[in-house]
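We count residues from 1, following the sequence as given.
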Amino acid sequence: MAERWAPTAPGVLQLPSGRTVRGWGLRLAPHPGPDPTFGLFLLNYRPPEFPWEHRWVRWPEFWIPSDPADAVDAIHAAWDRTSTGRVQIACAGGRGRTGTVLACLAVLDGLPARAAVAHVRRHYHPHAVETPWQRRFITRFARTLRQSD
(Lines give C-alpha, C1' and ligand atoms only; values in the text may rest on other atoms or scores of the structure.)
Protein backbone atom coordinates (compact mmCIF):
# COMPACT_ATOMS: atom_id res chain seq x y z
CA MET A 1 0.00 0.00 0.00
CA ALA A 2 1.31 3.43 -0.93
CA GLU A 3 1.61 6.12 1.67
CA ARG A 4 -0.98 8.86 1.64
CA TRP A 5 -0.20 12.58 1.77
CA ALA A 6 0.72 14.10 5.11
CA PRO A 7 -2.20 16.38 6.08
CA THR A 8 0.15 19.33 6.59
CA ALA A 9 2.06 18.97 3.29
CA PRO A 10 1.79 21.86 0.80
CA GLY A 11 -1.39 21.78 -1.30
CA VAL A 12 -2.93 18.93 0.68
CA LEU A 13 -6.59 18.97 1.66
CA GLN A 14 -7.62 16.70 4.50
CA LEU A 15 -11.22 15.57 4.18
CA PRO A 16 -13.41 15.10 7.27
CA SER A 17 -12.85 11.32 7.17
CA GLY A 18 -9.07 11.80 7.31
CA ARG A 19 -8.47 10.97 3.64
CA THR A 20 -6.05 13.36 1.96
CA VAL A 21 -5.76 14.69 -1.59
CA ARG A 22 -3.37 17.25 -3.05
CA GLY A 23 -4.34 20.09 -5.36
CA TRP A 24 -1.90 21.62 -7.81
CA GLY A 25 -1.72 24.10 -10.67
CA LEU A 26 0.42 23.20 -13.66
CA ARG A 27 1.50 26.86 -13.95
CA LEU A 28 2.90 26.64 -10.39
CA ALA A 29 6.15 25.11 -9.19
CA PRO A 30 5.85 21.43 -8.29
CA HIS A 31 5.24 20.66 -4.65
CA PRO A 32 8.14 19.14 -2.72
CA GLY A 33 7.90 15.59 -1.52
CA PRO A 34 6.92 12.30 -3.09
CA ASP A 35 5.18 12.02 -6.44
CA PRO A 36 1.51 11.17 -6.57
CA THR A 37 0.47 7.60 -7.25
CA PHE A 38 -2.44 8.90 -9.37
CA GLY A 39 -3.17 12.26 -10.95
CA LEU A 40 -6.39 13.71 -12.35
CA PHE A 41 -5.82 16.54 -14.84
CA LEU A 42 -8.65 18.97 -15.57
CA LEU A 43 -7.58 20.84 -18.68
CA ASN A 44 -8.90 21.87 -22.09
CA TYR A 45 -5.76 20.34 -23.63
CA ARG A 46 -3.94 17.06 -23.15
CA PRO A 47 -1.52 17.35 -20.21
CA PRO A 48 2.17 16.59 -20.52
CA GLU A 49 3.30 13.11 -19.63
CA PHE A 50 4.20 12.38 -16.03
CA PRO A 51 5.86 9.28 -14.55
CA TRP A 52 2.78 8.41 -12.46
CA GLU A 53 -0.56 7.01 -13.55
CA HIS A 54 -2.97 9.75 -14.54
CA ARG A 55 -6.23 10.55 -16.23
CA TRP A 56 -7.32 13.58 -18.22
CA VAL A 57 -10.75 15.18 -18.25
CA ARG A 58 -11.33 17.83 -20.91
CA TRP A 59 -12.44 20.83 -18.88
CA PRO A 60 -12.28 24.41 -20.24
CA GLU A 61 -10.98 27.06 -17.86
CA PHE A 62 -13.72 28.71 -15.71
CA TRP A 63 -16.38 26.29 -17.01
CA ILE A 64 -17.61 22.79 -16.38
CA PRO A 65 -16.30 19.59 -17.99
CA SER A 66 -16.97 19.04 -21.68
CA ASP A 67 -18.27 15.56 -20.82
CA PRO A 68 -19.83 15.68 -17.33
CA ALA A 69 -20.34 11.89 -17.20
CA ASP A 70 -16.63 11.32 -17.88
CA ALA A 71 -15.77 13.84 -15.14
CA VAL A 72 -18.07 12.11 -12.63
CA ASP A 73 -16.46 8.76 -13.46
CA ALA A 74 -12.98 10.25 -13.05
CA ILE A 75 -13.93 11.86 -9.72
CA HIS A 76 -15.14 8.50 -8.43
CA ALA A 77 -11.91 6.86 -9.64
CA ALA A 78 -9.84 9.49 -7.82
CA TRP A 79 -11.97 9.04 -4.69
CA ASP A 80 -11.38 5.28 -4.69
CA ARG A 81 -7.63 5.83 -4.86
CA THR A 82 -7.55 8.31 -1.94
CA SER A 83 -8.03 5.42 0.47
CA THR A 84 -4.67 3.85 -0.37
CA GLY A 85 -2.58 6.25 -2.43
CA ARG A 86 -1.40 9.80 -3.07
CA VAL A 87 -3.97 11.40 -5.36
CA GLN A 88 -3.28 14.77 -6.96
CA ILE A 89 -5.93 16.91 -8.68
CA ALA A 90 -4.57 19.54 -11.06
CA CYS A 91 -5.67 22.21 -13.49
CA ALA A 92 -3.70 25.15 -14.86
CA GLY A 93 -3.98 27.45 -11.84
CA GLY A 94 -4.96 24.95 -9.15
CA ARG A 95 -8.04 26.81 -7.88
CA GLY A 96 -11.22 26.73 -9.98
CA ARG A 97 -11.41 23.33 -11.62
CA THR A 98 -9.18 21.75 -8.99
CA GLY A 99 -11.28 23.27 -6.20
CA THR A 100 -14.44 22.02 -7.89
CA VAL A 101 -13.19 18.43 -7.92
CA LEU A 102 -11.85 18.74 -4.37
CA ALA A 103 -15.35 19.84 -3.31
CA CYS A 104 -16.87 16.86 -5.15
CA LEU A 105 -14.48 14.59 -3.24
CA ALA A 106 -15.66 16.26 -0.02
CA VAL A 107 -19.24 15.47 -1.09
CA LEU A 108 -18.23 11.83 -1.55
CA ASP A 109 -16.74 12.07 1.94
CA GLY A 110 -20.19 12.98 3.28
CA LEU A 111 -20.45 16.78 3.20
CA PRO A 112 -23.40 18.58 1.59
CA ALA A 113 -22.45 20.63 -1.48
CA ARG A 114 -22.33 24.07 0.22
CA ALA A 115 -20.38 22.70 3.18
CA ALA A 116 -17.99 20.96 0.77
CA VAL A 117 -17.20 24.25 -0.99
CA ALA A 118 -16.73 25.99 2.37
CA HIS A 119 -14.42 23.19 3.55
CA VAL A 120 -12.27 23.45 0.42
CA ARG A 121 -12.09 27.24 0.69
CA ARG A 122 -11.19 27.08 4.37
CA HIS A 123 -8.62 24.29 4.19
CA TYR A 124 -7.24 24.41 0.63
CA HIS A 125 -7.61 27.86 -0.98
CA PRO A 126 -9.95 30.77 -0.19
CA HIS A 127 -10.68 31.33 -3.91
CA ALA A 128 -11.30 27.69 -4.84
CA VAL A 129 -14.40 27.03 -6.96
CA GLU A 130 -14.30 30.24 -8.95
CA THR A 131 -17.56 30.42 -10.90
CA PRO A 132 -21.30 29.92 -10.41
CA TRP A 133 -21.16 27.12 -13.01
CA GLN A 134 -18.57 25.27 -10.97
CA ARG A 135 -20.73 25.61 -7.83
CA ARG A 136 -23.73 24.34 -9.80
CA PHE A 137 -21.67 21.34 -10.99
CA ILE A 138 -20.93 20.44 -7.34
CA THR A 139 -24.63 20.79 -6.42
CA ARG A 140 -25.66 18.53 -9.31
CA PHE A 141 -22.92 16.06 -8.41
CA ALA A 142 -24.28 15.90 -4.84
CA ARG A 143 -27.86 15.54 -6.10
CA THR A 144 -26.94 12.55 -8.29
CA LEU A 145 -25.43 10.84 -5.24
CA ARG A 146 -28.63 11.31 -3.26
CA GLN A 147 -30.69 9.93 -6.15
CA SER A 148 -28.53 6.80 -6.40
CA ASP A 149 -28.94 5.93 -2.69
Side-chain angles (χ1 to χ4, degrees), residues 2 4-5 9-17 19-31 35-149:
R4 296 187 323 185
W5 301 114
V12 171
L13 172 70
Q14 184 170 19
L15 298 168
S17 67
R19 290 184 187 213
T20 55
V21 60
R22 183 170 78 180
W24 181 47
L26 290 173
R27 292 190 302 242
L28 306 174
H31 291 300
D35 285 341
T37 56
F38 179 75
L40 178 56
F41 293 100
L42 317 164
L43 301 162
N44 200 32
Y45 53 88
R46 186 172 298 283
E49 285 300 316
F50 288 93
W52 54 83
E53 187 178 355
H54 56 278
R55 181 168 173 178
W56 168 50
V57 171
R58 184 179 295 277
W59 194 322
E61 192 164 4
F62 300 112
W63 289 97
I64 61 170
S66 300
D67 182 346
D70 180 50
V72 167
D73 183 66
I75 292 166
H76 281 277
W79 168 254
D80 290 341
R81 291 168 184 263
T82 62
S83 66
T84 58
R86 292 183 304 273
V87 174
Q88 177 170 273
I89 310 299
C91 64
R95 293 192 333 207
R97 294 167 284 184
T98 295
T100 300
V101 169
L102 292 175
C104 288
L105 294 173
V107 166
L108 287 171
D109 203 54
L111 292 178
R114 283 182 191 254
V117 171
H119 181 81
V120 171
R121 287 179 173 168
R122 188 175 319 109
H123 300 288
Y124 173 68
H125 196 287
H127 301 293
V129 188
E130 295 174 314
T131 69
W133 302 276
Q134 292 169 346
R135 286 191 302 278
R136 192 172 311 131
F137 179 83
I138 298 161
T139 300
R140 288 181 178 159
F141 180 84
R143 196 173 297 140
T144 63
L145 293 180
R146 286 194 307 267
Q147 292 171 354
S148 66
D149 287 342

Contact summary for [X] and [Y], nearest pair of heavy atoms:
X: Gly23; Y: His31; value: O-NE2, 3.1 Å
X: Pro51; Y: Asp35; value: CG-OD2, 4.2 Å
X: Arg97; Y: Cys91; value: NE-CB, 3.6 Å
X: Gly85; Y: Arg4; value: O-CG, 3.7 Å
X: Val107; Y: Ala113; value: CG2-CA, 4.0 Å

After noting the C-alpha distance and the side-chain angles of Trp24 and Thr98, does the key distance pass the side chain to side chain contact (heavy atoms under 4.5 Å, CB included) rule? CA-CA 7 Å; Trp24 181 47; Thr98 295; over 6 Å; no
[X] side, atom [atom1]; [Y] side, atom [atom2] - distance, nearest 0.5 Å:
X: Thr82; Y: Leu108; atom1: OG1; atom2: CG; result: 8.5 Å
X: Leu26; Y: Leu42; atom1: CG; atom2: CG; result: 9.5 Å
X: Glu130; Y: Arg95; atom1: CD; atom2: CZ; result: 5.0 Å
X: Thr20; Y: Leu15; atom1: OG1; atom2: CG; result: 8.0 Å
X: Thr37; Y: Gln88; atom1: OG1; atom2: CD; result: 10.0 Å
X: Cys104; Y: Gln134; atom1: SG; atom2: CD; result: 10.0 Å

Among residues at least two apart in sequence or on other chains, which ones pass side chain to side chain contact (heavy atoms under 4.5 Å, CB included) with Pro112? Ala115
Tell me every residue that passes side chain to side chain contact (heavy atoms under 4.5 Å, CB included) with Pro65, counting only those two or more places apart in sequence or in another chain. Val57, Trp59, Ala71, Phe137
Flag the pair [X] / [Y] as yes when at least one side-chain heavy-atom distance between them is below 4.5 Å, and no otherwise.
X: Val72; Y: Phe141; value: yes
X: Asp109; Y: Trp79; value: yes
X: Thr131; Y: Trp63; value: no

Could you tell me which residues satisfy ring-ring contact (aromatic ring centres under 6.0 Å, His included) with Phe38, sequence neighbours excluded, listed by chain and number? none
My understanding is that only residues two or more places apart in sequence, or in another chain, count here; which of them pass ring-ring contact (aromatic ring centres under 6.0 Å, His included) with Trp52? Phe50
Thr100 vs Trp133, test: side chain to side chain contact (heavy atoms under 4.5 Å, CB included). Steps then yes/no. CA-CA 10 Å; Thr100 300; Trp133 302 276; over 6 Å; no
Over 12 non-hydrogen atoms of neighbours within 6.0 angstrom of CZ in Arg114: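 12 or below, so no.
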Could you go through residues 116-129 and list every donor-acceptor pair under 3.5 Å that involves a side-chain atom there, pairing it with any protein atom two or more places apart or in another chain?
{"unit_1": "His119", "atom_1": "NE2", "unit_2": "Gln14", "atom_2": "O", "d": "2.9"}
{"unit_1": "Arg121", "atom_1": "NE", "unit_2": "Ala128", "atom_2": "O", "d": "2.8"}
{"unit_1": "Arg121", "atom_1": "NH2", "unit_2": "Ala128", "atom_2": "O", "d": "3.4"}
{"unit_1": "Arg121", "atom_1": "NH2", "unit_2": "Val129", "atom_2": "O", "d": "2.8"}
{"unit_1": "Tyr124", "atom_1": "OH", "unit_2": "Gly94", "atom_2": "O", "d": "2.6"}
{"unit_1": "His125", "atom_1": "ND1", "unit_2": "His127", "atom_2": "N", "d": "3.0"}

Which pairs count as salt bridge (Lys or Arg N to Asp or Glu O under 4.0 Å) when at least one residue sits in residues 38-65, sequence neighbours excluded?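 Listed once each, the pairs are Arg27-Glu61, Glu53-Arg81, Arg55-Asp70, Arg55-Asp73.
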Evaluate the criterion side chain to side chain contact (heavy atoms under 4.5 Å, CB included) for residue pair Leu105 and Ile89; output intermediate values, then yes/no. CA-CA 10 Å; Leu105 294 173; Ile89 310 299; 4.3 Å; yes
